[in-house]
Structures are given as structure tokens and as C-alpha cells.
Protein chains: 2
Amino acid sequence: MPRQRRTKQQIAIEEVFRRNPRPLSPHEILSLARDDVPNLGMATVYRTLNYMIEDQILQVVDLPGQCSRYELADKKHHHHFHCLDCDKVFDLEGCLLKEDLNLPEGFVVKEHDITLTGRCPDCGG
Amino acid sequence: MPRQRRTKQQIAIEEVFRRNPRPLSPHEILSLARDDVPNLGMATVYRTLNYMIEDQILQVVDLPGQCSRYELADKKHHHHFHCLDCDKVFDLEGCLLKEDLNLPEGFVVKEHDITLTGRCPDCGG
DNA sequence: CTAATTGCAAACAGTTTGCAGGCGT
DNA sequence: ACGCCTGCAAACTGTTTGCAATTAG
């Protein structure tokens, strides 16, 4: 069921993504959006995220062993870097997959996910 | 705290890994081990998995958007294939990461995870 | 006005923990 | 027989859902 009304809660959440162009966790989103709408509830965050995914404004970013994060959907194919220090996730442009995969017989690949883990520039790489 | 006693529950769980050489979910493990120990509890599965990780017999396999799986730790660096049909996970030997990453300044990479997604040979690749 | 949307609390799934009884050593 | 280990149930986290009250259009 797509959205029909534009509320201050939804506007605040969209604004959070515009101001923070990297994959954000629901907790980060709630915390940032509460600057605009102090008594915002987590359920509303999740519902709004799902609305925005349905409207193809957002896409899910799933990293191994991490809770789902969300980022704006208007991006080209890319991969992610997860900082072990500050726990933030950054986009890495371009594709990091080898050209020649050389898989065993019979495997058909539809998609691939690559996550690099380490230290980001802010944390003194 | 490492294990000190060898119980029939633990033996059954180790046997499951020996018989199924691919990353297994806790639910799969419980279900398979109950063939040997019918009233095995899920808490015991998790505790045994954690014992085995501590003893470096097992390692965790985290895939994007999936619950953790576990496989024997005696493997070389490799990546994983996740079948969208049967939901099983397979090991892929060798490294699939590009040689020349060409990252922005300041990012230091410690580890990387690659997951391919698609159809496996059993599901008519 | 009307009903879509919110906020709270309850429901859920996956995982961990506390505790009394069972069982390896 | 000592005390580690199990099984159950309760606790906990991340996410979803039910429902009465709010509010956008």
C-alpha cells in the first residue's frame, strides 16, 4: 500500500537521507529525525522506510552480520566499506568483482555483494 | 569457558557438520541433530556452536540479510554462493576480489566478504 | 469530515541467559 | 559425588502489527 499523505514525520526522515548520503541504520535514522520530530516512534521509522522502498526511493543495504541499513536508490552499482572503529558504512564506486569468476559447472549468478571491512579515513585509516 | 565434557548432544552436532560440508543455519543444525538426539534444545545448539567457535573448530558465515550460518574452520580463504531457490549456501574456492581496488585515500582494508546469489546446479542452474 | 497515519504496546523471530535437575568424569 | 551441561522458560534485540487517537487533505 503506497503512501497517500505527506506528514511531517515522513518529511523529516527523507531529510535525514538527504543530509546523510550513506547507508543509515533504523536507529541512526530515528535519532537523527528526532531533531525535527522529537516524539517520533520507531514503528513509524520502519513503516516509512518500507513505504520509501516500495516507492523505489530507498534501497536496503544488508552487510554480513549487521542490521539492515538504508540508502537512497538513485545510485549506480557500487559496493560498501564498513569501518570497524566508528561502525559507519561508506559507498565505494565501481565494481570490485573479478572479471573471470571461473565457477564450478551449473551455478548461475544473478547478483553479488561485496563488503570491505577496515578503518575509514576519519578514524585514522 | 571451553568445553570440558563430551556429551551425546555435542557429538551429534559435530557429526552434522561432518556429514554436511557447507554452511549450516542453527535451525538446520537442530533439525539434523535431532535425528540422533530427539529432544535436543535450541539453546544447546547455540551453546555448542559457541563452544566450537571458541575451540576454533567452527567459523561463522554471515551473509547479507541472512541469519548466521556455521561451517568447519579448516578451510582456506573462500567465498559463498547463496541459492535463491533452495536457500542453501555453497563454498566457492579461491578469491573473487579484483586485484586493483583503487579505493579513495585513507581507507585501510582488513577483510572482505563476497557473496554471489543465484541458482545452484541442483535447482537447475 | 473521513480515513490514512501515528504512537504505543503487544507480537514475533533469532539469540542469549538463569536456574534446577541430569549425567560425564 | 562433584560440578559441568542440558532443557526449559524468561529475557533481549531488531522488526512488524493491532488499535485507538491524531491529523492531512
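Chain identifiers are assigned alphabetically (A, B, ...) following the order of the sequence lines, protein sequences preceding nucleic acid strands; residue numbering begins at 1 within each chain.
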Donor-acceptor pair between A/H78 and A/E71 side chains, under 3.5 angstrom:
yes

Does either side chain, that of B/D113 or that of B/H79, offer a donor lying less than 3.5 Å from an acceptor on the other one?
no

Quick one: is [N] close enough that its OP1 or OP2 comes under 4.0 Å of any side-chain N or O from [X]?
| X | N | result |
| --- | --- | --- |
| A/T7 | C/dT6 | yes |
| B/N39 | D/dT6 | no |
| A/Q10 | C/dA4 | no |
| B/Q9 | D/dG7 | yes |

Identify whether any heavy atom of B/R47 sits under 4.0 Å from a base atom; if not, whether one sits that close to sugar-phosphate; answer base, sugar-phosphate or nothing.
base

Length of the line joining [X]:[atom1] and [N]:[atom2], which is rounded to integer Å:
| X | N | atom1 | atom2 | value |
| --- | --- | --- | --- | --- |
| B/L30 | D/dG7 | CG | P | 10 Å |
| A/R6 | D/dT23 | CZ | C1' | 16 Å |
| A/D62 | D/dG14 | CG | P | 15 Å |
| A/Q66 | D/dT13 | CD | C1' | 14 Å |
| A/I11 | C/dT6 | CD1 | P | 11 Å |
| B/L49 | C/dG14 | CG | C1' | 13 Å |
| A/I13 | C/dG7 | CD1 | C1' | 13 Å |
| A/Y51 | C/dA4 | OH | P | 10 Å |

Within the 6.0 Å centroid threshold, strictly below: B/Y70 and B/F17:
no

Comparing nearest nucleotides in DNA chain D, the 5'-proximal residue of the pair B/R5, B/G41 is B/R5

Selection from C/dT17, C/dA9, D/dC4 that lies nearest to any side-chain heavy atom of B/Q4:
D/dC4

Starting at the 5' end of DNA chain C, which residue's closest nucleotide do you reach first, B/K8 or B/M42?
B/M42

Considering all heavy atoms of both residues, which atom of A/K8 and which atom of A/V37 are nearest to each other, and what is their separation?
O-CG2, 3.9 Å

Considering only NZ, NE, NH1 and NH2 on the basic side and carboxylate oxygens on the acidic side, decide whether B/E28 and B/R22 come within less than 4.0 Å.
yes

